[in-house]
Structure formats: C-alpha cells, structure tokens
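Below is one structure, written out as structure tokens; comments come after it.
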Amino acid sequence: MTLATQLLAWYYKNGRDLPWRRDKDAYKIWVSEIMLQQTRVEAVRDYYTRWLDRFPTPAALAQASEQEVLTYWQGLGYYSRARHLLAGVREVCAEYGGRVPDNPALIQRLPGVGEYTAGAIASIAYNQVAPAVDGNVLRIFSRLFCLEEDIAKTATKRAVERLVMQHISRQCPGDFNQALMDLGAMICIPRRPRCPLCPLADLCEAYRREVQDMLPVRAPKKAPQLVTLAAGVVQRAGKFLVQQRPATGLLAGMWEFPATEMGAGDVAAAQLREKFRCELQQTVEIEEKILQCRHTFSHRQWDIAFYRCQWLAGDKLREQACWLGKTELGTVPWAGPHHKMALALAERLPNK
DNA sequence: TACCCGTGGCA
DNA sequence: TTGCCAAGGGT
C-alpha cells in the first residue's frame, strides 16, 4: 500500500461533502479556492452560495462593478482577494474566451493566484499532476517526515513540494490534494492531532517518535499594533455623512464614518471637529458617544468610539465622501466595525 | 525576506 | 480574556 492509496481510500469514505465539490467547473473551483485562503470552511459556505447565485459564470462576474463585488465579499476579510478575482475573471474573458486555462503556469499568472491556488485549480478542475502546498500540507508533511525547519521559510515549502510530487496520485491528483485538505482539517489538526484515527499513522515518523505535538515548527508572530480611533456620525435631513477609504491599504475602497487616529493626549471631540473641518469642509459639534468597540485585524487592533455629531454648516462634498440615506446603508461595503454602526443606525431608524 | 492584508472560532 | 490560527498572495 502506497501513501496515496491509503490516503485516497480514507478520503473516499470520510471526505467532506462541500458545496464546491459538486462539479469540476474551473471558475467555481477558483472562487472557492480564493474564498478559502486563510479562511475557514464554515465561514465560506454562505458567501460561496450567494456569490455563485449572483455571479454564476466568469462573464457574469466580469460585468459587475467593483463596489458590488466588494459588497458580496463584505465580512470575509482580505478584500484584495475580491478585487483580484474580479480582475482575473475579466482577464480570462478577454484573453481566454471566458475559459480558465488548464496549465498551472498560465493559471498562476492571473492576479490573486499564487502557487498553491494554481496547483489546486489545475489538479481539481483539470486533473493535472501539480502540488498544492498550503498550511495543511506543510503541517501533514512536517509530521510525516519529521521536518523541523520553519514552515514559513521558502526552502521548507520547496522541500514539501518535492515530497508531494513523489507521493501524489498520478491517476487522481485533484482528489489527492483535496484528501490532504480533509486530513489536515479532520485528523492531522494543528493541536492534539487525532493520530489513532489517521490513515497514514503507520507511515508517520513524528507519530512513531511521539513528537507530533511539537510539529510543525513555526516562527512566532509579531504582536498587533494598537490603534485608537474616534469616528463621527453626522445626520442631516435623514442622511449620513460617509467617506470612502483610499484605494490601497487597509480595507481599501470600503466605506466608513469619518474617523481619526488618536495620539496620546488627544481629545476625541477636538480631533473629530478638525477632521470634518479640514478634510470634509463641514462644521460639526460632537455630542455623546453612541458606540464603542474593539476590532482585531491580523496585524492591527482598533479601539474605535463612535460619536453622534450635530451638523452646523458645510460645503458640497468631494468625490470620496457622500450623504447616504438610511435605505442606502446596506448598499455599500463597510470597513470592519463601521458595518456594526451602520446596522445599528438602520435598525434604530424605521422607514417613515 | 519581512511585512501588509480580515475575520471568527476555539481552548 | 487573550492568543492562536485557517485551503495565501502581493510587494
């Protein structure tokens, strides 16, 4: 019995029934792989269904606006994934007649598609023999072969790619790669792996040495930077003043209530008044705090306070800002914690 | 290479 | 509550 034989036998009996495994349409596999980057299966399910309902084909997605696409991605995180997917699909429509190429090297040229995703699409949709080395595969092979190198290093990934190519099923490379995902999610999990249930236990060097809990080796991550913010909620004639974030950087292109970063000793009311006066040419008075929340990103933590503001005077708004009626609050993609604020406002103010 | 880029579940 | 971390890619 080879590694692939044992793994596939286990997979065909125990593999998960997932929405994106219903057919091998390359576009659908592509969408699922992008959504699943650094994101749990349970978080993806509903987004995937809604996405394919609205954008069932590359052509349907290619014609959509970036703002609508971002609205469908809102809450999933890593929003450049959505922008890249849109750009990639437009490229496929323009360059490949709407059909995703089957060559891993060509797939990888698409924006947002790296080595892992290219290998996954090629192997699952087109049955190409290609490795798809993600966090699961790094963990599994670190344990199988007792690799003690940091899995964040490129050299470690290359070594695992070579090992995958030595063991991948030539008949069913896509199933082999997906079986590794399921093994990593169900058996060879990060903490306290369930080795007695593992179909590869008899091949696993870490299990033999009883060091499976020590692997894989991963360099410690940097602590997130703490940021304190004050945001102003201004209402005038039933509409709210909102602002679009810059096209690059954190939460790029998403919408928020105008906010300022607070330095040590800053007073929220003064900072906010300045923000509205200088950047938006609006005169406001800060009233009471209406919501405070903490929002943690992968590398940053926001402590944000929302203040209700009284509008006094102001000029016409520039392009990156606008007045949004309460029925329009659900039509723009919100930046992180601002979504909670927008929802609260929409709920608090019934349509009259 | 190291850093940037979100979110939610879980121990 | 806090820290860890999950089907990565771009720069």
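Reckoned from all heavy atoms, side chains included, excluding hydrogens, waters and symmetry mates. Throughout, a chain's letter reflects where its sequence line sits, starting with A, and its residues are numbered from 1.
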Under the rule for side-chain contact (heavy atoms from CB on, under 4.5 Å), what residues qualify as partners of [X], not counting sequence neighbours?
{"X": "Gln6(A)", "value": "Met1(A), Leu200(A), Asp202(A), Leu203(A)"}
{"X": "Ala270(A)", "value": "Val267(A), Arg273(A)"}
{"X": "Asn127(A)", "value": "Pro173(A)"}
{"X": "Val160(A)", "value": "Val133(A), Val137(A), Leu138(A), Phe141(A), Leu147(A), Val164(A)"}

Please report, to 0.1 Å, the donor-acceptor pairs under 3.5 Å made by any side chain of residues 101-119 of chain A, with sequence neighbours excluded.
unit_1: Asn103(A); atom_1: OD1; unit_2: Ala105(A); atom_2: N; d: 2.8
unit_1: Glu115(A); atom_1: OE1; unit_2: Arg158(A); atom_2: NH1; d: 3.1
unit_1: Glu115(A); atom_1: OE2; unit_2: Arg158(A); atom_2: NH1; d: 3.4
unit_1: Glu115(A); atom_1: OE2; unit_2: Arg158(A); atom_2: NH2; d: 3.0
unit_1: Tyr116(A); atom_1: OH; unit_2: Glu33(A); atom_2: OE1; d: 2.7
unit_1: Thr117(A); atom_1: OG1; unit_2: Gln37(A); atom_2: NE2; d: 3.0

(request) Enumerate the residues from residues 158-179 of chain A whose closest heavy atom to DNA chain B is under 4.0 Å, giving them by residue number; use none for an empty result. (result)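 Of all residues in residues 158-179 of chain A, none places a heavy atom under 4.0 Å from DNA chain B.
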Which residues satisfy the salt bridge (charged side-chain N to carboxylate O under 4.0 Å, His left out) test with [X], sequence neighbours excluded?
{"X": "Arg162(A)", "result": "none"}
{"X": "Glu149(A)", "result": "none"}
{"X": "Glu148(A)", "result": "none"}
{"X": "Arg54(A)", "result": "Glu68(A)"}

For nucleotides 9-11 of chain B, print each protein N/O atom paired with a nucleotide N/O atom at under 3.5 Å, atom names and distance only.
none

(request) Using Watson-Crick or G-U wobble pairs with both distances under 3.5 Å, give me DNA chain B in dot-bracket, 5' to 3', with [ ] for crossers and | for pairs to another strand. (result) .||||.|||||
(message) Once you apply a heavy-atom cut-off of 4.0 Å, does Arg16(A) come out as touching a base, just sugar-phosphate, or nothing?
(response)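 Base: the residue Arg16(A), judged by heavy atoms under 4.0 Å, touches a nucleobase.
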(request) Measure from the side chain of Arg294(A), starting at C-beta and using heavy atoms only, and say which of dG6(B), dG9(C), dT2(C) lies closest. (result)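 Of all the options, the side chain of Arg294(A) is nearest to dT2(C).
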